Novice: 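Here it is: the structure, laid out below.
Everything numeric in this text was worked out from a predicted model, so none of it was measured. Residue numbers start from 1 in every chain, and the chains themselves are labelled A, B, ... in the order their sequence lines are given, proteins ahead of strands.
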Protein chains: 2
Amino acid sequence: MELAEAKLKFIEAWGKLGSEWGINRTMAQVHALLLVSPEALTTEEVMAELSISRGNANMTLRDLMDWGLVEKQHKTGKRKEYFYAEKDTWIIARRVAEERKKRELDPVIKILGQLSEVKGDEKDPAFNAFKSSVTDISKLANNVNKTLDTMLKAEENWFFGSIFKIFK
Amino acid sequence: MELAEAKLKFIEAWGKLGSEWGINRTMAQVHALLLVSPEALTTEEVMAELSISRGNANMTLRDLMDWGLVEKQHKTGKRKEYFYAEKDTWIIARRVAEERKKRELDPVIKILGQLSEVKGDEKDPAFNAFKSSVTDISKLANNVNKTLDTMLKAEENWFFGSIFKIFK
DNA sequence: AATATCTTTCATTTATTTTTGAAAGTTTGA
DNA sequence: TCAAACTTTCAAAAATAAATGAAAGATATT
């Protein structure tokens with residue numbers, strides 16, 4: 001397999017994985033493209049490589065910057081803006097975890113907290129089933145939350161050194 | 001807040017979370033409904049509670065069974081089929097992890113393995129950037145994979161006892 | 001074996017998400 | 001200050017995903 005073909009396969013696979021995890025396929029593909037690119041690319045180049053429109057490229061690049069996965073660069077003497085992807089997988093994983101935690105886990109934990117406050121008839125099986133499911137899920141969510149907090153504070157070496165080693 | 005309202009909020013929140021993670025909203029909602037229901041429900045009841053069609057209810061319940069989150073029950077003397085959700089959050093988390101690993105992680109690891117075999121000019125920055133990104137992601141994916149394997153084999157007590165305690 | 005009850009399928013419709021591209025907005029330099 | 005170079009916006013269109021419901025397929029009952 002040659003580089004060009006491998007690149008396409010990688011972009012395709014990354015896009016598919018992204019869409020299975022609720023991330024816009026194009027966004028994942030642009031990320032993949034920038035990930036394997038040694039140089040920062042312009043909007044034009046992204047548009048051309050992936051055959052997407054200017055509007056799409058612009059919005060997608062903005063989203064990737066919001067996720068902290070891509071940053072703008074300016075090259076001296078050039079008018080154009082260049083986009084460069086963070087290459088360190090540990091940082092990528094952290095940024096994604098951080099964003100999803102903030103956007104999804106935090107709101108859900110808040111709701112679960114409210115819902116586990118609900119009062120009712122302790123003789124009613126419907127009430128008990130509700131209470132116990134919500135309480136259990138709430139506990140799990142809070143555990144995941146604590147785990148993520150620790151991970152987000154941690155250093156790469158700590159993470160790869162201790163977590164993964166636990167699992168042999 | 002009373003039970004009926006809390007139940008609706010829970011179903012709504014679970015559905016939203018599901019859709020953010022690439023799981024059909026209705027599927028997550030049906031799961032939520034069954035989770036807080038002390039008794040197994042019929043297709044009719046699921047249809048009525050969530051105002052969805054027979055076809056949708058049927059397919060969604062089948063999917064939930066494929067995920068190992070819901071099972072059919074038969075009540076003696078009754079013709080209808082009843083559906084019951086696994087309530088143990090540890091088992092739910094395991095089943096979801098197991099399925100997603102099988103459906104998504106395994107295929108991606110296979111592709112990454114192939115892609116990291118690609119040969120090319122070591123003086124070419126494009127080749128080196130590709131190789132190093134793919135190799136790093138491949139390593140991360142394999143670490144996650146090992147972690148999941150261990151987790152899937154593990155017992156609940158082991159998991160809650162050691163993993164979460166590491167994180168204080 | 002005919003009928004009633006219940007389940008599954010799938011072509012069509014509906015809803016949601018994503019993309020487009022032209023127009024408006026912004027910045028830079030002559 | 002003007003206009004060329006570049007970026008952003010967003011209403012409309014296209015693509016994709018999900019839901020419907022009637023019909024076909026099962027299964028149990030008499």
Novice: Side-chain donor-acceptor contacts of residues 66-75 of chain A below 3.5 Å, not counting sequence neighbours, with atom names and distances?
Specialist:
{"unit_1": "A:Lys72", "atom_1": "NZ", "unit_2": "A:Glu81", "atom_2": "OE2", "d": "3.3"}
{"unit_1": "A:Lys75", "atom_1": "NZ", "unit_2": "A:Glu39", "atom_2": "OE1", "d": "3.4"}

Novice: What heavy-atom pair brings A:Lys101 and A:Asp149 nearest, and what distance separates the two atoms?
Specialist: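 Looks like CE-OD1, 2.9 Å.
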Novice: Go through residues 67-74 of chain A and report each residue with a non-hydrogen atom lying under 4.0 Å from DNA chain C, sorted by number.
Specialist: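 Those residues whose heavy atoms fall under 4.0 Å from DNA chain C, taken from residues 67-74 of chain A, amount to none.
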Novice: Can you tell me how far the CG atom of B:Leu8 sits from the CD atom of B:Glu49, to the nearest 0.5 Å?
Specialist: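 Between atom CG of B:Leu8 and atom CD of B:Glu49 there are 8.5 Å.
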Novice: How many whole angstroms separate atom NZ of B:Lys78 from atom P of C:dC6?
Specialist: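 It works out to 10 Å between those atoms.
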Novice: Is it the case that the side chain of A:Asn145 and the backbone of A:Asp106 share a donor-acceptor pair, with hydrogens and angles ignored and the cut-off at 3.5 Å?
Specialist: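 No.
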Novice: Is the shortest heavy-atom distance from the side chain of B:Glu44 to the side chain of B:Lys80 under 4.5 Å?
Specialist: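 B:Glu44 vs B:Lys80: side chains touch.
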Novice: How long is the line joining CE of B:Met59 and C1' of C:dT7, in whole Å?
Specialist: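 Whole-Å distance recorded here is 12 Å.
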Novice: Strictly distance-based, threshold 3.5 Å: is any side-chain N or O of B:Ser37 a donor or acceptor partner for the main-chain N or O of B:Leu33?
Specialist: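 A pair under 3.5 Å: no.
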Novice: Check ring-ring contact (aromatic ring centres under 6.0 Å, His included) between B:Phe130 and all other residues, then give those that pass, not counting sequence neighbours.
Specialist: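 None.
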Novice: Please work out if A:Ser19 contacts a base, only the sugar-phosphate, or nothing of the nucleic acid, heavy-atom cut-off 4.0 Å.
Specialist: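 If one applies the 4.0 Å heavy-atom cut-off, A:Ser19 turns out to touch nothing in the nucleic acid.
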Novice: If you count the non-hydrogen atoms of other residues, nucleotides and ligands that lie under 6.0 Å from NZ in A:Lys87, is the total more than 12?
Specialist: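 Correct, the count exceeds 12.
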Novice: Above 12 or not: heavy atoms from other molecules or residues under 6.0 Å from CD of A:Glu12?
Specialist: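 Atom CD in A:Glu12 is not crowded, with 12 or fewer foreign heavy atoms closer than 6.0 Å.
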Novice: Rounded to the Å, how far apart are A:Ile52 CD1 and C:dT17 P?
Specialist: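 About 20 Å, once rounded to whole Å.
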Novice: Distance check needed: C:dT20 C1' versus A:Asn24 CG, whole Å only.
Specialist: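 Answer to the nearest Å: 14 Å.
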Novice: Looking only at non-hydrogen atoms, find the nearest pair between A:Thr135 and A:Lys131 and report the distance.
Specialist: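 That would be OG1-O, 2.6 Å.
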Novice: Need to verify one output field. Residue with the more 5' nearest nucleotide on DNA chain D, A:Glu44 or B:Ser53?
Specialist: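 Nearest nucleotide further toward 5': that of A:Glu44.
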Novice: Could you state the CE-P distance from A:Met27 to C:dT19, rounded to the nearest angstrom?
Specialist: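 Answer to the nearest Å: 12 Å.
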Novice: Pairs counted as Watson-Crick or G-U wobble with both distances under 3.5 Å: what dot-bracket string results for DNA chain D, using | for bases tied to another strand?
Specialist: ||||||||||||||||||||||||||||||
Novice: Please classify the nucleic acid contact of A:Asn58 as base, sugar-phosphate, or nothing, using heavy-atom distances under 4.0 Å.
Specialist: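 The answer is base, as A:Asn58 lies within the cut-off (heavy atoms under 4.0 Å) of a base atom.
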Novice: Starting from the C-alpha separation in whole Å, work towards a yes-or-no answer on salt bridge (Lys or Arg N to Asp or Glu O under 4.0 Å) for A:Glu5 and A:Lys9.
Specialist: CA-CA 6 Å; A:Glu5 191 194 342; A:Lys9 279 220 171 122; 3.8 Å; yes
Novice: For the base of C:dT27, is there a side-chain donor-acceptor partner from A:Arg79 under 3.5 Å away?
Specialist: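 Donor-acceptor pair under 3.5 Å: yes.
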Novice: Which residue pairs pass the side chain to side chain donor-acceptor pair (under 3.5 Å) test when at least one of the two sits in residues 18-33 of chain B, sequence neighbours left out?
Specialist: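 Qualifying pairs: A:Glu104-B:Trp21, B:Trp14-B:His31.
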Novice: Using whole Å, what does the distance between atom P of nucleotide C:dT18 and atom CG of A:Asp63 come to?
Specialist: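 Taking CG of A:Asp63 and P of C:dT18, I get 10 Å after rounding.
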Novice: Give the rounded distance in Å between these two atoms: CZ of B:Arg54 and C1' of C:dT8.
Specialist: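 After rounding, the gap between these two atoms is 11 Å.
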Novice: Mind calculating the distance between CG (B:Asn56) and P (C:dT14) to the nearest angstrom?
Specialist: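 Going from CG in B:Asn56 over to P in C:dT14 covers 15 Å.
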Novice: Mind checking which nucleotides bracket the chain B contacts on DNA chain D, 5' to 3', with an atom under 4.0 Å from a heavy atom?
Specialist: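 Answer, 5' to 3': D:dA18 to D:dA28.
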